[in-house]
Amino acid sequence: MKILYLERNHGNSYSYYNEILASLPKQDAVENVFKYSDWHPQDPGSLDIREVIEKCPELPDAIIVGFGWTDCSESRPKPIVGVKESLIPTSIILNKEYSALDKKLSWIQDIDPVAAFTVHHDYKLYEKETGVPFYKIPFAVNETVFKNYGQNYSHDFGFSGVIRPEQANNWRSKILENSKEWKDIKFFFTEHRHDSLESYAKRINSTKIWLSTTGPANLVGTRYYEVMACNTTLLACNRLKKVYDGLFEEDKHCFMFDTIQELQDKIHYYINNDDERNAMISHAYNHVLENHTWNNRGEEMINILTKKMEEQNGKA
């Protein structure tokens with residue numbers, strides 16, 4: 001399979017944009033991937049996909065529109081024309097489902113791709129609204145970066161990243177404020193916005209328990225999988241119904257909480273019970289390597305695309 005992939009160029013801090021693209025050439029069914037990045041989601045006018053196809057060194061068998069296309073703030077995504085006329089099966093990765101979702105779904109409906117992918121648990125609602133087949137392809141981890149670096153523990157509990165009130169229950173802000181009263185827990189927080197991924201992974205390594213909470217629209221971000229892949233640190237997260245279904249299990253791969261007091265009590269428990277903490281870390285590590293690497297996601301996407309192409313050709 002030869003793939004035309006539409007994505008902008010992104011730096012290290014936007015790892016998932018690059019990781020899913022990098023996973024595709026590793027699949028046995030993929031012969032070549034042609035990346036096209038000469039666009040911006042808020043450029044005026046439209047993109048004629050037929051003109052892009054002409055620039056490819058070979059005629060692609062499939063087109064994938066990457067995460068970056070729906071980085072359009074509150075605007076409707078930049079139009080793509082000529083998809084049907086090209087006769088090439090096209091799929092779309094929906095991104096930032098918490099922003100201008102109605103406009104993004106309407107845009108997807110207009111393009112009418114053979115498949116659309118989302119990390120969100122409401123993918124069946126998106127399918128019902130658009131009539132487009134939607135598939136849940138969660139975030140994942142690069143296990144060659146997030147691993148055990150042999151760091152010594154310097155903190156009991158910590159987290160990093162941007163704090164904003166639209167995150168689930170504003171947990172991060174509440175925990176950061178309450179941590180000022182924790183006299184017997186070695187706590188760590190940083191924004192880490194300009195760090196390398198390796199530096200970030202090493203900080204996780206050096207902390208016994210790491211917090212990851214759902215983002216806006218209860219998205220399960222990459223941090224969940226990154227913590228589990230480090231094989232040194234216990235994942236702690238807010239408890240939610242249905243959101244984590246099929247991803248990981250409470251008290252097997254992580255511990256969950258509903259209140260600050262429950263979180264504090266469990267931190268105390270696990271930092272003082274190494275055997276139980278390490279057993280959960282080990283379960284999580286094996287689980288994430290088997291199910292939640294970017295190679296897993298690339299394989300899932302290619303399998304879906306292959307099936308869709310066979311259906312179009314009347315072979316299924």
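Below, all heavy atoms of this structure are taken into account, side chains as well, without hydrogens, waters or symmetry copies. Please read these numbers as outputs of a predicted model, since none were measured by experiment.
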Mind running side chain to side chain contact (heavy atoms under 4.5 Å, CB included) on Gln27 and Asn295 for me, showing each step along the way? CA-CA 8 Å; Gln27 308 307 314; Asn295 189 59; 2.9 Å; yes
Do His253 and Leu247 come within less than 4.5 Å of each other through their side chains, counting heavy atoms only? no
Does a side-chain heavy-atom distance below 4.5 Å link His287 with Glu249? no
When you measure from the side chain of Lys208 to the backbone of Tyr270, do you find a donor-acceptor pair of N or O atoms at a distance under 3.5 Å? no
Can you hop from Phe159 to Ile271 via hydrophobic side chains spaced under 4.5 Å? yes
With salt bridge (Lys or Arg N to Asp or Glu O under 4.0 Å) as the criterion, how do Glu198 and Lys202 come out once you've worked through the C-alpha distance, each side chain's angles and the decisive distance to 0.1 Å? CA-CA 6 Å; Glu198 182 177 310; Lys202 287 181 178 179; 3.3 Å; yes
Can Leu211 and Phe257 be said to form a side chain to side chain contact (heavy atoms under 4.5 Å, CB included), step by step? CA-CA 11 Å; Leu211 175 75; Phe257 61 90; 3.7 Å; yes
Find out whether Gln261 and Asp265 are in side-chain contact, i.e. whether some heavy atom of one side chain is under 4.5 Å from a heavy atom of the other. yes
Are Ile304 and Leu4 grouped together when hydrophobic residues (ILVMFWY) are joined by side-chain heavy atoms under 4.5 angstrom apart? no
Path from Leu94 to Ile137 over hydrophobic side-chain contacts below 4.5 Å: no
N/O donor-acceptor pair under 3.5 Å between Lys266 side chain and Met256 backbone: yes
Lys103 side chain to Glu74 backbone, donor-acceptor under 3.5 Å: yes
Does Ile49 reach the side chain of Leu6, with side-chain heavy atoms less than 4.5 Å apart? yes
Describe, in one word, how the ring planes of Tyr126 and Phe134 are oriented to each other, choosing from parallel (under 30°), tilted (30 to 60°) and perpendicular (over 60°). perpendicular
Do Ile80 and Thr90 have side-chain heavy atoms sitting under 4.5 Å apart? no
Would you say Thr233's side chain and Thr207's backbone share a donor-acceptor pair under 3.5 angstrom? yes
Treating Arg297 as the side-chain partner and Ile20 as the backbone partner, does any N or O pair qualify as donor plus acceptor under 3.5 Å? no
Drop me the distance from Lys147's NZ to Glu143's CD, to the nearest 0.5 angstrom. 10.0 Å
Minimum heavy-atom separation for Ser73 to Ser99, with atom names? O-OG, 2.8 Å
Would Thr70 and Lys96 count as a side chain to side chain contact (heavy atoms under 4.5 Å, CB included) if you check the C-alpha gap in whole Å, the side-chain angles of each, and the deciding distance to 0.1 Å? CA-CA 7 Å; Thr70 45; Lys96 292 183 169 53; over 6 Å; no
So do the side chains of Asp28 and Ile302 get within less than 4.5 Å of each other, counting heavy atoms only? no
Are any of the side-chain nitrogens in Lys242 or Asp245 under 4.0 Å away from the carboxylate oxygens of its partner? no
Heavy-atom closest pair (Pro113 atom, Ser91 atom, distance to 0.1 Å) is CB-CA, 4.1 Å
In sequence, state the C-alpha distance, the side-chain angles, and the governing distance for Glu226 and Asn142, and then conclude on side-chain hydrogen bond (donor to acceptor under 3.5 Å, both in side chains). CA-CA 8 Å; Glu226 292 162 355; Asn142 182 337; over 6 Å; no
Around atom CG of Asn272, are there more than 12 heavy atoms from other residues, nucleotides or ligands closer than 6.0 Å? yes
Under a 4.5 Å side-chain heavy-atom rule over Ile, Leu, Val, Met, Phe, Trp and Tyr, are Tyr153 and Phe255 clustered together? no
Return the orientation label for the Tyr224 and Tyr244 ring planes: parallel under 30°, perpendicular over 60°, tilted otherwise. tilted
Ignoring hydrogens and angles, tell me if any N or O in the side chain of Thr130 forms a donor-acceptor pair with the backbone of Gln109 under 3.5 Å. no
Anything under 30° is parallel, anything over 60° is perpendicular, the rest tilted; go ahead and classify Tyr225 against Phe248. perpendicular
More than 12 foreign heavy atoms under 6.0 Å from NZ of Lys186: is that the case here? no
Report the relative orientation of the aromatic rings in Phe67 and Phe139; use parallel for angles under 30°, tilted for 30 to 60°, perpendicular for over 60°. parallel
Quick check: does any side chain N or O of Asn238 sit under 3.5 Å from a backbone N or O of Thr214, one acting as donor and the other as acceptor? yes
When you look at NE2 of His268, are more than 12 heavy atoms from neighbouring residues, nucleotides or ligands closer to it than 6.0 Å? yes
Evaluate the criterion side chain to side chain contact (heavy atoms under 4.5 Å, CB included) for residue pair Ser212 and Leu235; output intermediate values, then yes/no. CA-CA 7 Å; Ser212 188; Leu235 171 65; 3.7 Å; yes
Please tell me whether Ile64 and Ile88 are part of a single hydrophobic cluster in this structure, the criterion being side-chain heavy atoms less than 4.5 Å apart. no
Might you point out which heavy atoms bring Ala217 and His120 nearest each other, and give the distance in Å? O-NE2, 2.8 Å
Yes or no on salt bridge (Lys or Arg N to Asp or Glu O under 4.0 Å) for Glu127 and Lys124, after CA distance, side-chain angles and deciding distance? CA-CA 5 Å; Glu127 179 172 301; Lys124 283 298 181 183; 3.7 Å; yes
Is a side-chain N or O of Asn205 found less than 3.5 angstrom from the main chain of Tyr149, in a donor-acceptor match? yes
Do Tyr200 and Val145 come close enough that some side-chain heavy atom pair is under 4.5 Å? no
Check for a donor-acceptor pair, side chain of Asn178 on one end and backbone N or O of Ile175 on the other, with a separation under 3.5 Å. no
Is the number of heavy atoms from other residues, nucleotides or ligands under 6.0 Å of Tyr285 OH greater than 12? no
Return the minimal non-hydrogen interatomic distance between Met309 and Met1, and the atom names on each side. SD-CE, 3.7 Å
Side-chain heavy atoms of Asn231 within contact of Ile281, under 4.5 Å: yes
Apply the test side-chain hydrogen bond (donor to acceptor under 3.5 Å, both in side chains) to residues Asn296 and Glu300: give CA-CA distance (whole Å), side-chain angles for both, the deciding distance (0.1 Å), then the verdict. CA-CA 6 Å; Asn296 292 137; Glu300 292 165 14; 5.8 Å; no
Assess Lys104 against Trp107: is NZ or CZ under 6.0 Å from the centre of the six-membered ring, and within 45 degrees of the ring's axis? no
Determine, stepwise, if the pair Glu310 / Lys307 fulfils salt bridge (Lys or Arg N to Asp or Glu O under 4.0 Å). CA-CA 5 Å; Glu310 289 174 347; Lys307 181 179 178 181; over 6 Å; no
Atom CG of residue position Asp275 - does it have more than 12 heavy atoms of other residues, nucleotides or ligands inside 6.0 Å? no
For Thr232 and Gln151: C-alpha separation, side-chain torsions, deciding distance, then whether side-chain hydrogen bond (donor to acceptor under 3.5 Å, both in side chains) applies. CA-CA 9 Å; Thr232 58; Gln151 305 289 108; over 6 Å; no
May I ask you to decide if Trp39's main-chain N or O and Arg8's side chain share a donor-acceptor pair within less than 3.5 Å? no
